[in-house]
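Accompanying notes for the structure given below.
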Amino acid sequence: QVQLVESGGGLVQAGGSLRLSCAASGRTFSSRSMGWFRQAPGKEREVVAAISWSAGSTYYADSVKGRFTISRDNAKNTVYLQMNSLKPEDTAVYYCAAARYRWIGSRQSDYDYWGQGTQVTVSS
């Protein structure tokens, strides 16, 4: 079992930055790839970024490349999402997820544990 708790969301002006954190419980965190997804009102949940178990590989959606950075600290059982140059279209509930295996997954079906989500609102 893996439990995930996100934090760090909030309201920020366009061009600003936020850092999301996801604290995981459970002994298998370091052997799983991790991902961040988001869901805007009226839209489907989409992948934002993912990181392999060792942080050797990362994946980013085209919409956030160059602005967002995913990282992890296996000693702290935590994964982060640094979000810079935020845009109003980044407004969504952001979810942390733990994958079924070590390698990066970009599909929701690759993930079997999900956090409760944290709201990010970017004002124009």
Side-chain angles (χ1 to χ4, degrees):
Q1 291 284 345
V2 177
Q3 293 184 323
L4 305 171
V5 179
E6 302 98 333
S7 61
L11 174 63
V12 64
Q13 290 188 332
S17 298
L18 283 174
R19 188 194 196 201
L20 304 183
S21 298
C22 173
S25 64
R27 295 179 294 174
T28 62
F29 173 81
S30 61
S31 64
R32 295 173 179 261
S33 66
M34 298 293 295
W36 285 97
F37 290 74
R38 67 186 181 187
Q39 187 167 20
K43 295 187 177 181
E44 294 185 354
R45 190 178 300 186
E46 61 178 2
V47 64
V48 175
I51 188 167
S52 64
W53 68 282
S54 65
S57 299
T58 56
Y59 167 89
Y60 295 95
D62 288 343
S63 58
V64 306
K65 280 181 182 177
R67 300 188 298 122
F68 290 12
T69 302
I70 189 171
S71 61
R72 67 187 295 163
D73 185 338
N74 285 345
K76 295 183 178 180
N77 274 18
T78 303
V79 62
Y80 306 96
L81 185 67
Q82 178 66 44
M83 305 186 294
N84 299 329
S85 302
L86 283 161
K87 304 175 181 179
E89 51 263 45
D90 294 318
T91 295
V93 177
Y94 283 71
Y95 297 90
C96 173
R100 304 175 189 279
Y101 27 69
R102 295 186 172 197
W103 315 115
I104 284 183
S106 61
R107 303 167 300 179
Q108 293 189 55
S109 59
D110 293 323
Y111 296 80
D112 54 356
Y113 292 101
W114 295 82
Q116 81 290 348
T118 185
Q119 177 70 48
V120 171
T121 303
V122 184
S123 63
S124 57

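Just so we're clear, the structure is a prediction, and the values are computed from it rather than from any experiment.
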Next on the checklist: Enumerate the disulfide (SG to SG under 2.5 Å) contacts for residues 80-124, please, sequence neighbours excluded, ordered by first and then second residue.
Outcome noted: Cys22-Cys96
Taking all non-hydrogen atoms of both residues into account, name the closest pair between [X] and [Y] and its distance.
X	Y	result
Gly105	Ala50	O-CB, 3.7 Å
Ala40	Ala92	N-CB, 3.8 Å
Thr78	Lys76	OG1-O, 2.8 Å
Leu20	Trp36	CB-CH2, 3.6 Å
Arg72	Ala55	CG-CB, 4.0 Å

Out of curiosity, does [Y] fall in the hydrophobic cluster containing [X] (side-chain heavy atoms, cut-off under 4.5 Å, transitive links)?
X	Y	answer
Tyr113	Met34	yes
Ile51	Tyr60	yes
Val47	Leu81	no
Val64	Tyr111	no

Minimum side-chain heavy-atom gap [X]-[Y] below 4.5 Å:
X	Y	answer
Met83	Val12	no
Gln108	Trp114	yes
Leu86	Gln13	no

Checklist entry - Can you say whether the rings of Tyr94 and Phe68 are parallel (under 30°), tilted (30 to 60°) or perpendicular (over 60°)? => result tilted
Next on the checklist: Test of understanding: with ring-ring contact (aromatic ring centres under 6.0 Å, His included), list the residues that count as partners of Phe29, not counting sequence neighbours.
Outcome noted: none
Item to check | salt bridge (charged side-chain N to carboxylate O under 4.0 Å, His left out) pairs, two or more places apart, involving residues 2-18 | outcome: none
Spatial distance of atom [atom1] ([X]) from atom [atom2] ([Y]) [nearest 0.5 Å]:
X	Y	atom1	atom2	result
Thr58	Lys65	OG1	NZ	9.5 Å
Gln3	Asn77	CD	CG	12.0 Å
Ser17	Asn84	OG	CG	3.5 Å
Tyr95	Leu4	OH	CG	13.0 Å
Thr118	Leu18	OG1	CG	9.0 Å

Checklist entry - Is the backbone N or O of Val122 less than 3.5 Å from a side-chain atom of Thr91, with the two atoms forming a donor-acceptor pair by type? => result yes
Next on the checklist: Check whether Tyr80 reaches the backbone of Asp73 with its side chain - one donor and one acceptor, N or O, closer than 3.5 Å.
Outcome noted: no
Checklist entry - Taking only residues two or more places apart in sequence, or in another chain, which ones meet Glu46 in a salt bridge (charged side-chain N to carboxylate O under 4.0 Å, His left out)? => result Arg38
Checklist entry - Is Asp90 paired with Lys87 through a side-chain N to carboxylate O contact shorter than 4.0 Å? => result no
Checklist outcome for this item: So the side-chain hydrogen bond (donor to acceptor under 3.5 Å, both in side chains) pairs with at least one residue in residues 97-107 (sequence neighbours excluded) are Tyr101-Asp110, Arg107-Asp110
Item to check | Contact list for residues 26-35, test side-chain hydrogen bond (donor to acceptor under 3.5 Å, both in side chains), sequence neighbours left out | outcome: Thr28-Arg32, Arg32-Asp112
